[in-house]
Number of protein chains: 4
Amino acid sequence: MVDEKNLSRKERERIFRRKEIMDAAVRFFAQKGFSATTLDEIALASEFGKGTLYNYFSGKEEIYTAIVEEVSATLEEIVKSAIQETSTPIDFIELYTRKLFNYCLNNCFDFILYVREVAHFTTDIYITDRNMIVSRHERVKNLIVERLKEGMVSKTLKKADPEKLSTLYEHLVFPYILFLITAPQQKLDEDEEINLILSVFFNGIIQKTK
Amino acid sequence: MVDEKNLSRKERERIFRRKEIMDAAVRFFAQKGFSATTLDEIALASEFGKGTLYNYFSGKEEIYTAIVEEVSATLEEIVKSAIQETSTPIDFIELYTRKLFNYCLNNCFDFILYVREVAHFTTDIYITDRNMIVSRHERVKNLIVERLKEGMVSKTLKKADPEKLSTLYEHLVFPYILFLITAPQQKLDEDEEINLILSVFFNGIIQKTK
Amino acid sequence: MVDEKNLSRKERERIFRRKEIMDAAVRFFAQKGFSATTLDEIALASEFGKGTLYNYFSGKEEIYTAIVEEVSATLEEIVKSAIQETSTPIDFIELYTRKLFNYCLNNCFDFILYVREVAHFTTDIYITDRNMIVSRHERVKNLIVERLKEGMVSKTLKKADPEKLSTLYEHLVFPYILFLITAPQQKLDEDEEINLILSVFFNGIIQKTK
Amino acid sequence: MVDEKNLSRKERERIFRRKEIMDAAVRFFAQKGFSATTLDEIALASEFGKGTLYNYFSGKEEIYTAIVEEVSATLEEIVKSAIQETSTPIDFIELYTRKLFNYCLNNCFDFILYVREVAHFTTDIYITDRNMIVSRHERVKNLIVERLKEGMVSKTLKKADPEKLSTLYEHLVFPYILFLITAPQQKLDEDEEINLILSVFFNGIIQKTK
DNA sequence: CATGAATGAGGATTCATTCAT
DNA sequence: TATGAATGAATCCTCATTCAT
């Protein structure tokens, strides 16, 4: 996350244009995958000349990587803020889920890319700098694991492997949100869906008090 | 699922060769996506000449579609058999999960393709005959929904929208299995994983009796 | 130089087609250099589809390299045969010059490429396998140097650094032949030109007897 | 050669900047040829903006042409001065060779370009104004031819076609000098090399007295 | 049927040139 | 005048598909 404060006008414009290109590209990457997306499409959609893209990115791969990295960074912010704004594991999971849902609603294509990468759903492209993404994902996961452990210590949550639980959460919530958003349907009652997810997930992990 | 009984030797051989090609192809589609997979790879891996593939399929797309359809059919068989072999919703879900896991262990590449298609994770390719897959998926889903409804009527399961619950199950179990299988890790304790999934899912959907 | 005897029809055809492509390409490389030559031109001139070229060469660079290597091999043959067919240094140089001239007359474009490479006149392209060409050039040069030394021992030739003399010969004869052939002029009296070259070169290196 | 005396400061600066650009460009043209050289390289090396180059030249081609023309003019000066400073053909050739060698030592890239053009070693680019260069080359050649004729009349030189002899000289000396300068070697004994060239060339063309 | 050479449409990338600042 | 971002034509290369053998 670049500090955009102390940048020259030129540099700010450059970052802005990079973002414009990424925003135009993400829809295609999400819908068709990396290989099937063409630079012509991206150029057309971003309203830049094809050659211009190369002033901002070294190639198709870098556009893709930049998008995934940006989502990755944003998701880390989301987790951190959810942690800071809550005091209990339960509250954290609820807020985190809500924030995720919200982010996904507004940036569904970015989210698709990220889920695909993290969930190993395709390796259409070998992201050279996957390390950065993977390590950030690990970091985020650890934050969640810590919270889960706290809950287990305080007996709010059932005892279980917190690592596995974290992974399970991720593979429950991410794909489901993705489904809700991509599936063509009339209306989406956000609260209802969140409640359902949490209800299922919680009433399994919350230790019942007699 | 073609009835292979009353076929001539020629026809049986034809089906056998189609299967060989599909088996060779699925690994590439799973690992690299549709677009990034080349017919040269498939020809080489299947030990057929490139031109020969066209005697068995109309093109790359049909190979892909045939694979997805085959998985789709197999999964329908799995659900049906799980239904027939169990008498309660709980038992059904457990057996179904177990069978899924098992199928996935032995056919992980096929499974990846299917999940990608069903979970809308990419539409790299527009499957012309997606209707058949979608409608079978609906059919399967309805079978599950019926079972869930039974459970709600008999008060074994909490009252909830069975459609949503079915979807939730699908988006919990499928991606998680996929993750377990694709994530590079040492050993995989199948039973432990299944128990975890079921534990979380069940203790959320099973109505607690005092 | 591949032994073309024991090859299958397929392999012979393959070599033949490679040669056809090289023959079509060399004219462009010679006239415009490596970078300015396009595959479209080569494809058109060789009467193959553009993609077909890639069945025979890995790319533009390999076509170029293959040509230079072929000339290199041929020139080695020429030197060797000239050595075998003569018994004195003087006769050798005369026959060698005559053979060179003749080769160049019939393969002037190939010759241009070779001279350019050997004379360091351009490094438009970095030939990966330049080593092979350079080492062959060294080998050929040594053969000539040996002959020159013989002449010096037998007092037929003046005493001088045979290495330098060999280089001087090369940079006299090759570029001049090239000039004669590429310069647009009416008629070319081969014998006259050869006699001139030899006259100048010989009457300098032949030791005068009183 | 523009008379730089009566020019305004602006015009002098303009010429100076053109020269700076040409000096930066010639190294690339010499090493990689016309096509493979990019304006970006030239702009970077000359420390001008890419657009600025167009204030001094109409395009890449003109930069190239200007360089070749400048060398061409310089070489004409060299020949003329060598003629004025000597009184015999022999002395002339010796001085000319020496001056050439010296020029080449200090401007080897320029020299490479010129030799390539004059020796027809590549026509990567069609110099629109090649006429000027060719005609100057003819002029220079005639000066040399005249000197050679004088030598033949005065019986200092053997009788021969002076035109051919001039060409032979050019194709002996130029490429050899080029080779000496571009070939990677430790030390270069200028005098030794010149003596060798002249020794070979002279003892062939000088008529022996009994 | 089996094969793989031939093909050309399509895609990523480069770069000379233009032009607004 | 100096600049470098924008551009798209041009180029190399890939690959699904065809077809002669």
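Given the structure is predicted, the values throughout are model-derived calculations rather than measurements. Quick note on labels: first sequence line is chain A, next is B, and so on, each numbered from 1.
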- Short N-O contact, D/Arg18 and D/Glu62, less than 4.0 angstrom: yes
- Query: When we call it a touch if two heavy atoms are under 4.0 Å apart, what does D/Gly51 touch: a base, just sugar-phosphate, or nothing?
  - Reply: base
- Paired with F/dT18 by Watson-Crick or G-U wobble geometry, both distances under 3.5 Å: which nucleotide is it? E/dA5
- Query: Looking only at side-chain N and O atoms, does A/Tyr54 come under 4.0 Å of OP1 or OP2 in F/dT7?
  - Reply: no
- Query: How do C/Thr37 and D/Leu53 order along DNA chain F: which one's closest nucleotide is nearer the 5' end?
  - Reply: D/Leu53
- Item | Contact nearer the 5' end of DNA chain F, comparing B/Thr38 with A/Lys10 | A/Lys10
- Message: What is the distance, to the nearest angstrom, from the NZ atom on C/Lys60 to the P atom on E/dT14?
- Response: 14 Å
- Task: Take atom CZ of B/Arg14 and atom P of E/dC1, then tell me their distance rounded to the nearest Å.
- Result: 6 Å
- Provide, to the nearest angstrom, the distance between the CD atom belonging to B/Glu47 and the P atom belonging to E/dG4. 12 Å
- Message: Please compare A/Arg9 and D/Asp40 by the position of their nearest nucleotide in DNA chain E and report the one closer to 5'.
- Response: D/Asp40
- Message: Side-chain N or O of D/Asn55 versus OP1/OP2 of F/dT1: is the shortest distance under 4.0 Å?
- Response: no
- Is there side-chain contact between B/Thr65 and B/Phe57, with at least one heavy-atom pair below 4.5 Å? no
- About how many Å separate CE of D/Met22 and CD1 of D/Ile63, when rounded to the nearest 0.5 Å? 9.5 Å
- Message: For a quick test of reading the model: is some side-chain N or O of C/Tyr56 closer than 4.0 Å to OP1 or OP2 of E/dA6?
- Response: yes
- Query: Would you call D/Ser46 and D/Leu53 a side-chain contact if the rule is heavy atoms closer than 4.5 Å?
  - Reply: yes
- Could you state the CD1-P distance from A/Ile63 to E/dT13, rounded to the nearest angstrom? 9 Å
- Message: Expressed as a whole number of angstroms, how long is the span from A/Phe16:CZ to F/dA5:C1'?
- Response: 16 Å
- Query: When we call it a touch if two heavy atoms are under 4.0 Å apart, what does C/Leu39 touch: a base, just sugar-phosphate, or nothing?
  - Reply: sugar-phosphate
- Note on the structure: Residue pair B/Gly49/C/Thr52 against DNA chain E: nearer the 5' end by closest nucleotide is B/Gly49
- Message: Is C/Arg17 close enough to E/dA6 that one of its side-chain N or O atoms is under 4.0 Å from OP1 or OP2 there?
- Response: yes
- To the nearest angstrom, how far is D/Phe28 atom CZ from E/dA16 atom C1'? 16 Å
- Message: With a 4.5 Å cut-off on side-chain heavy atoms, are D/Tyr64 and D/Glu117 touching?
- Response: yes
- Item | Under-3.5 Å donor-acceptor pair between A/Lys50 side chain and F/dT7 base | no
- Query: Taking atom C1' of E/dT17 as reference, at what distance in whole Å does atom CD1 of D/Ile42 sit?
  - Reply: 13 Å
- Message: Using whole Å, what does the distance between atom P of nucleotide F/dC12 and atom CD of C/Glu61 come to?
- Response: 12 Å
